[in-house]
Amino acid sequence: MNSLKKGFKDGIPIGLGYFAVAFSLGIIAAGAGLTPFQGFLTSFLVNASAGENAAFIAIKENVPYLQMALIMVVSNIRYVLMSFALSQKINPASAMIHRFLLGFYLTDEYFALAISQDPYCDPYYSYGAFLFAVPCWASGTALGIIMGNILPARIVSALSVALFGMFLAIIIPPAKKDKAIAILIVLSFLSSYLLSRYTSISTSMITIILTIVLSGLGALLFPTKEK
Amino acid sequence: MRNIYVYILVMTLTVSLIRILPLTLIRKPIKNKFIRDFLYYVPYVTLSVMTFPAIIDATDSALAGLLSLILGSIAAYKEMGLFKVTVICCATVLILEIFI
């Protein structure tokens, strides 16, 4: 009970950040034709900023269902790594349902929260954070869809970059310590710009192609150092 | 038009499998060095590709989007945290578009 409460408290700053970003995501969802309920449902079930952003763009482009599955794999494949890492932080004696729930709600922020504990993460601490932050994420998306049509265009335009601010806050700090990441970010910006301006490849397909090509290139040219 | 609920179902199933499988079934660490390095770089490439040029297309004025990208990057470089970086990005667009 105590860890549930503590998790809830630590989930508040996460939830507030989620709400703002989800709001901006809702504006994109509205552009793809989703109703507030559909946006709420998507965010409640999927819990992924980059993944949902890619998905809403794909819905707008009316892609085949298989391509939707592919874009979800690519835009969320980083969770494979986190899931592996988190796996080592769960008490082997704990019930399977905890692994299932911690996996279902695995995001960058919840991951950071879970692995900050020693030696094993307490699932109830994470559940406490979910209790506050998951509804923030889902209702933020729904509200973004509703307000996106009501708010003045100037405000909507400003809020629509919140999502990209969140992306920058994730990718830039590690690039300071790792030059390979910095190089890949610049390469990604350039090639994404060129493909979107000078070819007719769809945005979601560009994300798939460049993720595979550039990450593969990164792995080939800049192998990470390990002990 | 395809059905949005089918899209949501596909999204939920795919993303849940990715998150849950390594935690439950495959509990061993990945051995292949190339695959581990590939997975290490993936988030940075995906998020970068999704940020640019989308950020200059999202705003009414492309210049405001570009400036938001630059100031947001500087704020992120100074490790100001998710919330502050986001606010700086939005404020840049808001202020600039009043003058443009």
Side-chain angles (χ1 to χ4, degrees), chain A residues 17 20 38 41-42 45-46 48 50-51 53 55 59 62 65 68-69 72-73 75-81 83-84 86-87 99-100 103-104 106 154 157-162 164-173 181 184-185 188-189 192-193 196 207 210-211 214-216 218-219 223-224, chain B residues 1-2 4 6-8 10-12 14-16 18-24 27 29-30 33-34 36-55 58-60 64-65 68-69 72-73 76-77 79 81-83 85-91 93-94 97-98:
Chain A
Q38 289 165 339
L41 191 67
T42 306
L45 293 171
V46 178
N53 177 44
I59 290 176
N62 201 26
Y65 296 124
M68 173 60 91
M72 288 311 279
V73 169
S75 59
N76 294 294
I77 203 150
R78 68 182 189 283
Y79 292 123
V80 170
L81 268 190
S83 187
F84 273 115
L86 188 60
S87 186
R99 287 180 174 269
F100 188 86
F104 190 82
L106 184 58
R154 192 169 278 167
S157 178
L159 287 171
S160 62
V161 297
F164 305 117
M166 178 175 174
F167 291 169
L168 291 174
I170 296 172
I171 61 175
I172 304 280
I181 293 177
L184 284 175
I185 291 174
S188 301
F189 280 0
S192 162
Y193 181 81
S196 81
T207 309
L210 288 182
T211 299
L214 293 179
S215 307
T224 57
Chain B
M1 258 327 256
R2 292 183 171 83
I4 288 194
V6 179
Y7 274 133
I8 297 175
V10 171
M11 290 160 73
T12 307
T14 321
V15 79
S16 301
I18 289 172
R19 285 169 165 159
I20 295 170
L21 275 188
L23 256 171
T24 50
R27 292 194 220 171
I30 310 171
K33 176 82 165 51
F34 180 82
R36 264 184 305 164
D37 287 352
F38 175 80
L39 289 172
Y40 170 74
Y41 289 124
V42 159
Y44 305 105
V45 174
T46 309
L47 294 180
S48 305
V49 169
M50 289 179 126
T51 301
F52 193 77
I55 192 167
T59 49
D60 289 335
S68 167
L69 173 73
S73 299
Y77 189 83
E79 303 196 28
L82 196 151
F83 192 71
V85 173
T86 303
V87 169
I88 286 170
C89 284
C90 294
V93 173
L94 189 66
E97 288 191 344
I98 290 174

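A, B, ... follow the sequence lines: proteins, then strands. Residue 1 opens every chain. Scope of the values below: all heavy atoms of this structure, side chains included, with no hydrogens, waters or symmetry mates. As the structure is a computational prediction, the values presented were derived from the model and not from experiment.
To the nearest 0.5 Å, atom CZ of residue A:Phe84 and atom CG of residue B:Leu23 are 9.5 Å apart. Atom CE of A:Met72 is separated from atom CD1 of B:Ile18 by 7.5 Å, given to the nearest 0.5 angstrom. Rounded to the nearest 0.5 Å, atoms OG1 (B:Thr51) and CD1 (A:Ile185) are 9.0 Å apart.
Using a 4.5 Å cut-off on side-chain heavy atoms (C-beta onward), B:Asp60 and A:Arg154 make no contact. No side-chain heavy atom of A:Leu45 sits under 4.5 Å from any side-chain heavy atom of B:Met11.
Counting heavy-atom pairs under 4.5 Å between each of A:Leu106, A:Leu184, A:Leu214 and chain B puts A:Leu106 at the top.
Checked against side chain to side chain contact (heavy atoms under 4.5 Å, CB included), B:Tyr44 has the following partners two or more places apart in sequence or in another chain: A:Ile171, A:Pro174, A:Ile181. Checked against side chain to side chain donor-acceptor pair (under 3.5 Å), A:Ser157 has the following partners two or more places apart in sequence or in another chain: B:Glu97.
The minimum heavy-atom distance between B:Ser73 and A:Ile172, with the atom names listed, is O-CG2, 3.8 Å. For B:Val45 against A:Leu210, the heavy-atom pair with the smallest separation is CG1-O, 3.6 Å. The minimum heavy-atom distance linking A:Phe104 with B:Arg19 is given by the pair O-NH1, 3.4 Å. What you find for B:Phe38 and A:Ala219 is that their closest heavy atoms are N-CB, 3.6 Å.
Using a 30° and 60° split on the angle between ring planes, B:Phe52 and A:Tyr193 fall in the parallel class, below 30°.
No donor-acceptor pair closer than 3.5 Å links the side chain of B:Ser48 to the backbone N or O of A:Phe189. Without hydrogens or angle criteria, B:Asp37 side chain to A:Gly218 main chain gives no donor-acceptor distance under 3.5 Å.
A donor and an acceptor atom, one from each side chain of A:Thr211 and B:Thr46, are located under 3.5 Å apart.
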